[in-house]
Structure formats: structure tokens, C-alpha cells
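To keep things clear, I will list the structure first and then write my remarks on it.
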Number of protein chains: 2
Amino acid sequence: MSIDRRRLIIDAAAKSFALFGYKGTTMDQVAKIANVGKGTIYTFFSNKEELFQEIMNRLIGEMKRVAEEVVDPGRKFFDNLNLVLDQLLDFREEHELAIKLSQEVKEIGTQMAQDGIYQIEKAVVGYIQQQVQAAVDKGEIKPCDPKMTAFVMLKLFMALTADWKKSHPPLDKTRVAELLRFYLQEGLAPD
Amino acid sequence: MSIDRRRLIIDAAAKSFALFGYKGTTMDQVAKIANVGKGTIYTFFSNKEELFQEIMNRLIGEMKRVAEEVVDPGRKFFDNLNLVLDQLLDFREEHELAIKLSQEVKEIGTQMAQDGIYQIEKAVVGYIQQQVQAAVDKGEIKPCDPKMTAFVMLKLFMALTADWKKSHPPLDKTRVAELLRFYLQEGLAPD
DNA sequence: CGATTGACCGTTTTAGTCATTTGGTCATTT
DNA sequence: AAATGACCAAATGACTAAAACGGTCAATCG
């Protein structure tokens with residue numbers, strides 16, 4: 001059996017997108033890294049956009065897998081939430097692609113990169129939404145719109161991890177977890 | 001008494017910054033609108049940046065005034081919070097300068113425009129912070145870091161008003177107010 | 001004969017250029 | 001003394017030739 005060219009192409013593309021972003025990745029380069037003729041790419045993917053989509057789907061799939069690995073239905077909702085968000089953040093930091101895409105959106109505003117980030121966000125919200133629904137069913141948290149709640153959780157998490165450090169010393173994981181709990185779980189109303 | 005040229009220049013600059021943004025505003029244009037020689041501007045402001053700063057300070061001052069108008073110490077904290085945030089949002093939407101600066105940041109990423117937006121945010125957080133501190137002192141809300149709490153409130157408000165509508169039908173003011181209360185005041189912990 | 005390739009094509013991006021415009025100065029005018 | 005606008009060095013952006021791009025396909029390979 002000959003080498004799996006599709007696999008070679010996907011690996012090369014993943015590497016290149018992560019290293020140079022969407023715009024910075026050329027089909028010639030992918031072909032070169034994959035040790036494959038440029039035409040071969042087009043027998044598996046009809047264009048650059050579709051190739052990028054494949055890489056994004058794999059990334060999101062892997063994120064889901066990583067998250068699921070850490071969730072324990074026996075644990076409390078907020079404990080799981082913190083673990084998952086941490087895991088995702090670590091994963092995201094590890095995985096250069098997400099970072100590179102964020103950079104690209106900020107620096108040159110590449111549409112495709114923005115779409116990529118949006119896809120990741122959507123997947124994360126979708127995942128949290130499931131967890132919220134389960135927690136509501138178990139009576140662990142109040143009845144609420146799971147989608148909206150998931151959205152609020154992600155935004156708050158991002159505000160505490162990403163936005164805050166734009167003008168303050170960054171918060172460590174423990175503190176972020178504390179704050180998430182403080183604001184969302186207990187609320188500000190006095191006892 | 002001769003005409004107040006400083007005033008003329010400030011009015012002209014405010015109009016021009018609001019109409020054309022920071023980059024799009026030229027000193028020649030400001031001079032022309034103000035019916036003043038260009039050199040005159042430099043007797044009052046040592047450069048374009050300083051002129052812009054003056055306009056920003058006035059904008060922020062006006063925002064504070066507008067916010068203070070609506071706050072009633074007799075009312076509950078969350079009622080005041082909603083009123084103030086609504087007022088500020090309306091103000092921001094109404095006031096062309098803030099819009100223009102946001103556009104400019106997104107479209108060409110002008111540093112000075114970014115600084116301007118940042119200044120506005122900082123002023124808003126600062127103002128909410130005061131209100132939070134007062135509410136904590138009155139025992140209306142739990143003891144908490146007022147700065148962090150103000151930050152979280154603004155971010156959550158922005159997420160609900162600005163971010164949410166990027167991929168969903170926008171929420172009306174009443175709903176936003178409900179949600180802010182629901183998540184921050186009562187919390188998700190079951191009764 | 002189907003799978004693979006890279007030379008090739010029309011289009012877009014880039015780098016380099018220079019005339020124009022800009023923020024800022026200051027000798028002159030009011 | 002206050003105000004002005006001609007003037008200057010520096011920044012800008014319109015222009016273009018050259019390079020690089022995504023995508024195709026006739027020739028090649030196994």
C-alpha cells in the first residue's frame with residue numbers, strides 16, 4: 001500500500017495554518033511540506049477554503065474529545081466547568097492554530113480566520129450548553145436558558161482570562177475559578 | 001470682547017472628529033471649520049493629540065453628567081445599574097464620536113482611536129466601581145472587589161448587548177436588564 | 001488506465017516610486 | 001500681543017511593474 005497522501009496533506013496544512021495563519025499559508029507551501037504535487041491536494045479538497053474547513057473540524061473534534069475526557073458526571077457542575085474551561089484554555093494555548101487565527105483577525109482581519117474563531121466559539125458554547133442542560137435537569141443549578149447561560153459563561157471566562165490582562169496583571173487559574181463561582185453561582189445579592 | 005477662538009476650535013474639532021474620525025481629521029480642516037488660522041490652533045493645543053484629548057475629556061465628562069442625572073441613591077443598586085448602563089449605551093449610540101472611533105479601530109486600527117475607546121471604557125468602569133462600593137457599604141450587595149465587579153458588569157453588559165447580536169436576534173433592554181439581574185444578582189445556585 | 005504531477009493561466013498582492021498632503025513652525029501682518 | 005498662512009520636513013497614498021497566488025489540465029508515472 002502506498003503512502004496516505006490525504007493524511008500527509010492534512011498534517012502539512014495543519015502545520016502551515018498554525019505556523020503562518022490562513023492568509024500566510026499557500027497551496028504551494030502545503031504541497032511542499034506534504035511532499036506532494038500541488039494538483040494532488042485538489043483531488044482531495046476542491047479549494048483552500050475546504051482544506052481549511054477540514055483542519056478546523058479536526059481541531060474542534062479534538063477539543064471536544066479533550067473536554068469530554070475531563071468531565072466527570074459525578075462531580076459538581078461548577079467543578080466540571082472550571083476543569084473544562086481550564087483544559088480548553090490550555091489546549092488552545094498549546095495549539096498554535098487558535099492563537100495564530102486570533103492574531104490574524106486582529107492584525108489583518110482575514111475573513112476566513114474570523115470564521116474559524118467563530119466556529120471554535122460556537123462549538124465551545126454548544127458543549128457548555130449541554131453541560132448546563134444536564135445540570136439544570138439534575139437540579140444543580142436554577143432553571144435557565146442553557147444557550148444563553150453557556151454564552152454568558154464563556155464571555156465571562158474570556159473577560160477574566162483575556163480582557164482583564166490587557167490592563168491589569170493576569171489572574172491565575174484559581175482566582176479565575178473563584179471569580180466565576182462568586183459571580184455566577186452565588187450572585188451578588190446579600191445572604 | 002472678541003470671539004472665543006478656543007471654543008470655536010474645540011467645537012470644530014469635536015464636529016470633525018465625530019464626522020471623519022481621528023485620522024480623517026486634518027488640522028487644516030479644523031482651522032477651516034473654526035474659521036481660524038491653522039497656527040491659532042497651536043496657541044491653544046500643542047499638537048493634534050492634545051486637541052483630541054481635550055475632546056475626549058469633554059465627551060467623558062458629559063457621559064458622567066448624563067449618568068449622574070439618572071442615578072437616584074434612593075433606588076436599589078441593580079435598578080440604578082440598569083438605568084445607567086442603558087443611558088450610557090444610548091449615549092454612545094447617539095454620540096457620533098464614539099461610533100466613529102469604534103469604526104476606525106475596526107477598519108484601520110488607528111492607535112489613537114483605540115486609546116480613545118479605552119479611555120471611555122475606563123471611565124465607565126470607574127463610575128460603576130463607585131456605585132458598587134456604595135452598594136457594598138449599604139449592604140445592598142455582598143462584599144466584593146468593586147473594581148473587578150464593575151469590570152465584570154460592564155463586560156457582561158457588552159456581551160449581552162453587542163456580542164450576542166452578532167449571531168442572534170438582539171435582546172431588548174428589558175431582557176438585558178432581566179438577564180443581568182438573573183446572572184449577577186441571584187446567581188445560578190438553586191434556592 | 002487511474003493517480004499524480006508541475007508548468008501554466010488569469011488574478012491578486014506586493015514592493016518600490018514619487019507627487020501630494022500632513023502636522024507643525026515662524027516671519028509677517030493686524 | 002494675537003493671529004495668520006506661506007513654508008518645510010515627514011508622512012501618505014496613488015500608481016505600476018513584478019512577484020506570488022489559487023486553481024487547471026495536458027503530460028507523465030506506476
Side-chain angles (χ1 to χ4, degrees), chain A residues 1-17 19-56 100-101 103-105 107-116, chain B residues 1-17 19-56 100-101 103-105 107-116:
Chain A
M1 171 202 174
S2 71
I3 29 171
D4 181 354
R5 289 167 202 278
R6 190 170 201 276
R7 165 106 257 143
L8 287 179
I9 290 165
I10 287 173
D11 288 347
K15 197 183 288 181
S16 181
F17 281 128
L19 223 48
F20 306 108
Y22 182 83
K23 227 191 149 188
T25 291
T26 71
M27 297 303 260
D28 278 305
Q29 193 173 30
V30 172
K32 204 168 166 189
I33 297 175
N35 262 101
V36 144
K38 186 163 62 156
T40 309
I41 300 177
Y42 288 88
T43 65
F44 297 109
F45 305 97
S46 60
N47 52 38
K48 186 179 179 181
E49 197 172 325
E50 206 175 293
L51 176 60
F52 180 65
Q53 199 49 242
E54 173 73 23
I55 307 300
M56 288 304 300
K100 200 74 206 175
L101 290 182
Q103 275 180 17
E104 197 175 341
V105 171
E107 284 165 19
I108 35 178
T110 313
Q111 180 57 43
M112 203 57 57
Q114 188 141 28
D115 290 356
Chain B
M1 169 205 176
S2 72
I3 31 173
D4 181 354
R5 288 166 203 279
R6 192 171 199 275
R7 165 105 257 144
L8 287 178
I9 289 166
I10 288 173
D11 289 346
K15 197 184 288 183
S16 181
F17 281 129
L19 223 48
F20 307 109
Y22 182 83
K23 227 190 148 190
T25 292
T26 71
M27 297 303 258
D28 277 307
Q29 194 174 30
V30 173
K32 206 168 163 189
I33 296 177
N35 262 100
V36 144
K38 187 166 61 158
T40 309
I41 300 176
Y42 288 88
T43 65
F44 296 109
F45 305 97
S46 61
N47 54 36
K48 186 179 179 180
E49 197 172 328
E50 206 175 293
L51 177 58
F52 181 65
Q53 199 49 243
E54 173 71 24
I55 307 299
M56 288 304 299
K100 200 74 205 177
L101 290 182
Q103 276 179 18
E104 198 175 341
V105 171
E107 285 164 18
I108 38 178
T110 312
Q111 181 58 42
M112 203 54 60
Q114 190 141 27
D115 290 355

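Sequence lines set the chain letters: A, B, ... in the order given, protein chains first and strands last, and positions in each chain run from 1.
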Write down the distance between CG (B/L8) and C1' (D/dT4), rounded to a whole number of angstrom. 15 Å
Measure CZ/A/F45 against P/D/dT24 and give the value in whole Å, please. 15 Å
Between C/dG23 (C1') and B/M112 (CE): distance, integer Å: 13 Å
Just the rounded figure in Å: distance from P of D/dT4 to NZ of B/K38. 13 Å
D/dG22 OP1/OP2 closer than 4.0 Å to side-chain N/O of A/K48: yes
Considering just the side-chain nitrogens and oxygens of B/R5, establish if one lies under 4.0 Å of OP1 or OP2 belonging to D/dA3. yes
Note: B/D11-B/R7 ion pair, threshold 4.0 Å (strictly below): yes
Under 4.0 Å: is that the gap between some side-chain N or O of B/T40 and OP1 or OP2 of D/dT4? yes
With under 30° as parallel and over 60° as perpendicular, where do the rings of A/F52 and A/F17 fit, or are they tilted in between? perpendicular
Between A/T25 and A/K48, which heavy-atom pair has the shortest distance, and what is it? O-NZ, 2.8 Å
Candidate nucleotides D/dT4, C/dG24, C/dT5, ranked by approach to the side chain of A/V36 - the nearest: C/dT5
Would you classify B/K32 as touching base, sugar-phosphate or nothing, given that sugar-phosphate means primed atoms plus P, OP1 and OP2, and contacts are heavy atoms under 4.0 Å? nothing
Find the distance A/N35:CG to C/dG6:C1' and express it as a whole number of Å. 14 Å
In terms of heavy-atom contacts, A/I33 and A/S16 come closest through CD1-CB, 4.1 Å
Spacing between B/D28 atom CG and D/dT4 atom P, to the nearest angstrom: 13 Å
Distance in angstrom units between B/F44 CZ and D/dA3 P, rounded: 6 Å
B/I55 to B/I10 - nearest heavy-atom pair and separation: CD1-O, 3.5 Å
Under a 3.5 Å cut-off for both contacts, is D/dA27 paired Watson-Crick or G-U wobble with anything, and if yes, with which nucleotide? C/dT4
Closest to the 5' end of DNA chain D, once B/I41 and A/G24 are matched to their nearest nucleotides, is B/I41
A/F52 has an atom CZ; how far is it from atom P of D/dG23, in whole Å? 14 Å
